[in-house]
Amino acid sequence: MKRHPYIGGYGPGIVTPGGELARLAAPSFLARHPSLPVIYAVGELAQGWITAFSAREGRLSPWDERSSGGDSPCHVAVHPSGGLLAIANYGDGTAGLHRLDARGVFDGDPIVLRGHGSGPDPERQQGPHAHQAVFHEDLLYVSDLGADVIRRYTLDGEALEPLTLPPGTGPRHFAFTGPTLYVTGELDGTVTRLAPGDDGLRVRASTAVTENLPSHLELAGDLVYVANRGPDTISVLRADDLSQVAEVPSGGAWPRHFAIDGDRMYVANQRSGTVAEFALVDGIPEPTGEVTEVESPSCVLPA
């Protein structure tokens, strides 16, 4: 039986693998508990929300909800232990750590992590904008598009020295392989590789000459995949030197996010209202012809 992903976005709710709709305002990003049948969704509103859903047999039932602690939450992640959840609030730059109990629901008061700083882009970097939260080796990393840094915290919320990127980078999504970090620069159209002891590698995320706003990035094996809004492509880069292996059409307009599930890739094309399926053939995405129509999709989560 074919498995479709969960799909979040700016429409009226989350589309389940069975095609049902779990209604929620602006569920722009989703994450799964590592060991329980629970899925979390942000509500990207000025007064942001986070909702926990019971997920059984591909169906979602609201279980618990609370304030995200900030303006316009756009990302959620769960610690591998299942005991902590992190939120990135884009609008005001705050991030948050929320404790989870043994059932996967919220427990106690959250820890609010306030960002600060700005960048050279007068329209996009007038203040902090938290964009993604990632747990790695028992630290929390938060990309701040507005301040050109990746903030670092202990799991108790203690701030550590941030990772600083060149002014105007606009760090958005990022991923680790061991101690090496790969990050998309939404504002300068780059991918940066930061490894211990080196000065970093920076390349354009796309060979296209049109406007390019990289969005999501993932690692699989020795390859890095990057979604490019503007040229509407997926770039495939070698992880060791960021040399380009391929660049393929995303199957729609404005690829906001994608997910890799085994030998399949699902790309959420926000402006065309489509989620396109690709087969990964020797690591290169090839369209299967399967396309799901969804209003303004912004996130896909493998079922």
Requested in this report: Determine the minimum heavy-atom distance between Pro285 and Gly283, stating which atoms define it.
Outcome: CD-O, 3.7 Å
Query raised in the report: Has Asp109 got more than 12 heavy atoms of other residues, nucleotides or ligands less than 6.0 Å from its CG?
Result: no
**Report entry** Full working for salt bridge (Lys or Arg N to Asp or Glu O under 4.0 Å) between Asp240 and Arg193
**Finding:** CA-CA 9 Å; Asp240 58 354; Arg193 175 184 182 269; over 6 Å; no
Query raised in the report: Does the distance from a Lys or Arg side-chain N to an Asp or Glu carboxylate O, for Arg103 and Asp101, drop under 4.0 Å?
Result: yes
Query - Gap between atom CG of Asn89 and atom CD1 of Ile87 - 0.5 Å precision - result: 7.0 Å
**Report entry** Flag for Thr288-Glu277: side-chain donor and acceptor within less than 3.5 Å
**Finding:** yes
Requested in this report: Hey, could you give me the CG/CG distance between Leu30 and Leu60, rounded to the nearest 0.5 Å?
Outcome: 8.5 Å
Query - Expected output: side-chain Ser67 to main-chain Gly69 donor-acceptor under 3.5 Å - result: yes
Query - Heavy-atom pair with the smallest gap, counting every atom of Leu140 and Ala86 - result: CD1-CB, 3.7 Å
Report task. Enter the distance from Ser143:OG to His129:NE2 here, rounded to the nearest 0.5 Å. Result -> 12.0 Å
Query raised in the report: Are Arg202 and Thr192 linked by a side-chain donor-acceptor pair shorter than 3.5 Å?
Result: yes
Requested in this report: Take Glu211 and Arg229 through the salt bridge (Lys or Arg N to Asp or Glu O under 4.0 Å) test and state the conclusion after the steps.
Outcome: CA-CA 8 Å; Glu211 175 190 19; Arg229 295 167 299 172; over 6 Å; no
Report task. Examine the side chains of Asp71 and Gln47 and answer whether a donor and an acceptor come within less than 3.5 Å of each other. Result -> no
Query raised in the report: Where does the angle between the aromatic ring planes of Tyr40 and His33 fall among parallel (under 30°), tilted (30 to 60°) and perpendicular (over 60°)?
Result: tilted
Requested in this report: Take atom CD of Glu293 as the centre, draw a 6.0 Å sphere, and report whether it contains more than 12 heavy atoms from other residues, nucleotides or ligands.
Outcome: no
Requested in this report: Indicate the atoms forming the closest heavy-atom contact of Arg114 with Arg151, along with that distance.
Outcome: C-NH2, 3.8 Å
Requested in this report: Could you check whether the rings of Phe29 and His173 sit parallel, tilted or perpendicular, using 30° and 60° as the cut-offs?
Outcome: perpendicular
Query raised in the report: Under 6.0 Å from the CG atom of Asp282, do we count more than 12 heavy atoms belonging to anything else shown?
Result: no
